[in-house]
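Throughout, numbering of the chain's residues begins at 1 and tracks the sequence. Read the numbers this way: they start at 1 and go in the same order the structure lists the ligands and their atoms. All values derive from a computational prediction rather than experimental measurement. Side chains included, hydrogens not; waters and symmetry mates left out as well; all remaining heavy atoms used.
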Amino acid sequence: MAVVTMVEYGALPAVRITAADGAQATVALFGAHLLSWKTADGKERMFVSEKSALDGSKPIRGGVPVIFPQFNLRGPGPKHGFARESTWRLTDSGGDGGLSYLQFALTQDDLAPAVKAWWPHAFALQLRFILSGDTLELDFTVRNTGTSELPLAVALHTYYDVGHLDATSVSGLQHARYTDHHLNTLTQETPALHFTEKQDRLYQAPPSVTLNTADATLRLEQHGFSEWVVWNPGADDARAMADLADDDYLRFICIEPARVDQQPLAAGAEWSGRHKVAAN
Ligand code: TA6
């Protein structure tokens, strides 16, 4: 049986689920934001900055920010949209037979008036976190509950704790097309991407990639999304970020299943994306 408890994370109310085998996930209601995922061996897989705001005044730096309805500045709203700065509701939880889950929802009724002013669309978001052995799955569904189409972009902006960047690489992207932060479109020649400088790449998604660190291998799969974003700020950008210690860029990378360009979702239609992370 899974055990579900309410906890405080900083000043944020959060839900913690502990599976029968000891695997654990902690999710803040603010953003339905995954703050921690520990596999049954007790190993933390997520990075959260010690300098992050944890009081709902700013997005959380680390874990899994939910990006909706726009990616970065590719839309009329604030960077990365409003889902990561809205307070979601816990709608279901439980577990048996080796599966444990938490489910969260956000609709137009949950939004602050200032957000409704620039996002006049009726919608229903559902995000389900499923623990199963050494695997974590995130199932994200967007339903257009309004009478006209809405513009939709999404990403699960996952910050992995990598121990040390020097020993970190991402494989599975050889021959994939990508756009870098200078907006050059290139093809990756090397079998693995290493992190010797800032990276902010947008790959046309192969369905799975592998994150290799000094002491772990994580296999990441996505279904329904269209890109992988791979981001590490490097030393200069990290220094400029108030909610990150200067050398924190050495401790994480982001690998994000994404659909970065806003595309219309018709009235009554539903979009779903699935992200599965399997630890070795
Ligand atoms: O996903 C990569 C990215 O879009 C980067 O360009 C970088 O800005 C990052 O997200 C973090 O954005 P944030 O708004 O959380 O500082």
Side-chain angles (χ1 to χ4, degrees), residues 10 12 28 30-35 46-86 115 118-119 138 140 151-162 165 168 170 173 176-186 188 193 195 197-205 209 211 220 222 225-263 273 275 277:
L12 295 171
F30 180 66
H33 196 124
L34 182 76
L35 299 158
M46 296 288 111
F47 166 84
V48 177
S49 167
E50 288 187 358
K51 296 180 82 178
S52 178
L54 293 174
D55 58 1
S57 63
K58 291 197 182 65
I60 298 163
R61 175 69 63 203
V64 183
V66 176
I67 307 305
F68 170 89
Q70 78 175 49
F71 183 81
N72 207 314
L73 298 175
R74 297 171 182 239
K79 187 178 178 193
H80 286 326
F82 58 75
R84 65 177 178 165
E85 293 187 83
S86 299
V115 177
W118 69 267
W119 177 260
L138 281 72
F140 188 34
L152 167 69
V154 295
L156 298 171
H157 199 306
T158 315
Y159 288 68
Y160 293 99
D161 184 336
V162 296
L165 200 60
T168 300
V170 180
L173 292 167
R177 298 283 286 168
Y178 69 91
T179 307
D180 68 12
H181 58 279
H182 303 296
L183 301 182
N184 298 315
T185 298
L186 302 159
Q188 181 165 315
L193 172 64
F195 296 84
E197 58 186 343
K198 168 179 172 167
Q199 297 291 0
D200 195 352
R201 293 187 175 186
L202 184 61
Y203 285 91
Q204 298 310 310
V209 297
L211 168 60
L220 319 184
Q222 59 158 286
F225 297 90
S226 40
E227 290 101 13
W228 289 107
V229 179
V230 180
W231 178 61
N232 176 274
D236 292 346
D237 285 12
R239 217 172 294 122
M241 293 164 75
D243 56 2
L244 208 55
D246 287 358
D247 59 358
D248 267 353
Y249 75 96
L250 296 169
R251 297 182 48 213
F252 76 87
I253 65 169
C254 290
I255 309 178
E256 314 158 32
R259 162 176 154 138
V260 297
D261 288 320
Q262 285 187 320
Q263 293 163 36
H275 186 214
V277 185

Point to revise | Heteroatom proximity flag, N72 to ligand 1, N/O under 3.5 Å | key: yes

Review point. CD of E50: more than 12 outside heavy atoms within 6.0 angstrom?
Key: no

Point to revise | atom 14 (O) of ligand 1 - nearest protein heavy atom and its distance | key: R84 NH2, 3.0 Å

Check your understanding: Among K198, H157, M241, Q199, which residue places a heavy atom closest to atom 3 (C) of ligand 1?
Key -> H157

**Study point:** Main-chain N/O of Y249 paired with N232 side-chain donor or acceptor, under 3.5 Å
**Key:** yes

**Study point:** E256 neighbourhood, listing ligand 1 atoms whose heavy-atom distance to it stays under 4.0 Å
**Key:** 1 (O), 2 (C)

Check your understanding: Has the side chain of H80 got a donor or acceptor atom that lies under 3.5 Å from a matching backbone atom of F71?
Key -> no

**Study point:** Identity and separation of the nearest protein heavy atom to atom 16 (O) of ligand 1
**Key:** R61 NH2, 2.9 Å

**Study point:** H181 touching ligand 1 at heavy-atom level, < 4.0 angstrom
**Key:** no

Check your understanding: What's the shortest distance from atom 5 (C) of ligand 1 to any protein heavy atom, and which residue and atom give it?
Key -> D200 OD2, 3.2 Å

Check your understanding: Heavy atom of R201 under 4.0 Å from ligand 1?
Key -> no

Practice item. For Q70 and G77, indicate whether the former's side chain and the latter's backbone hold a donor-acceptor pair under 3.5 Å. Key: yes

Check your understanding: With ring centroids as reference points, do Y160 and F47 lie under 6.0 angstrom apart?
Key -> no

Point to revise | Which residue and heavy atom of the protein sit nearest atom 8 (O) of ligand 1, plus the separation | key: K79 NZ, 2.8 Å

Review point. Can you tell me if NZ on K51 sees more than 12 non-hydrogen neighbours from other groups inside 6.0 Å?
Key: yes

Review point. What are the two closest heavy atoms between D248 and S49, and how far apart are they?
Key: OD2-OG, 3.7 Å

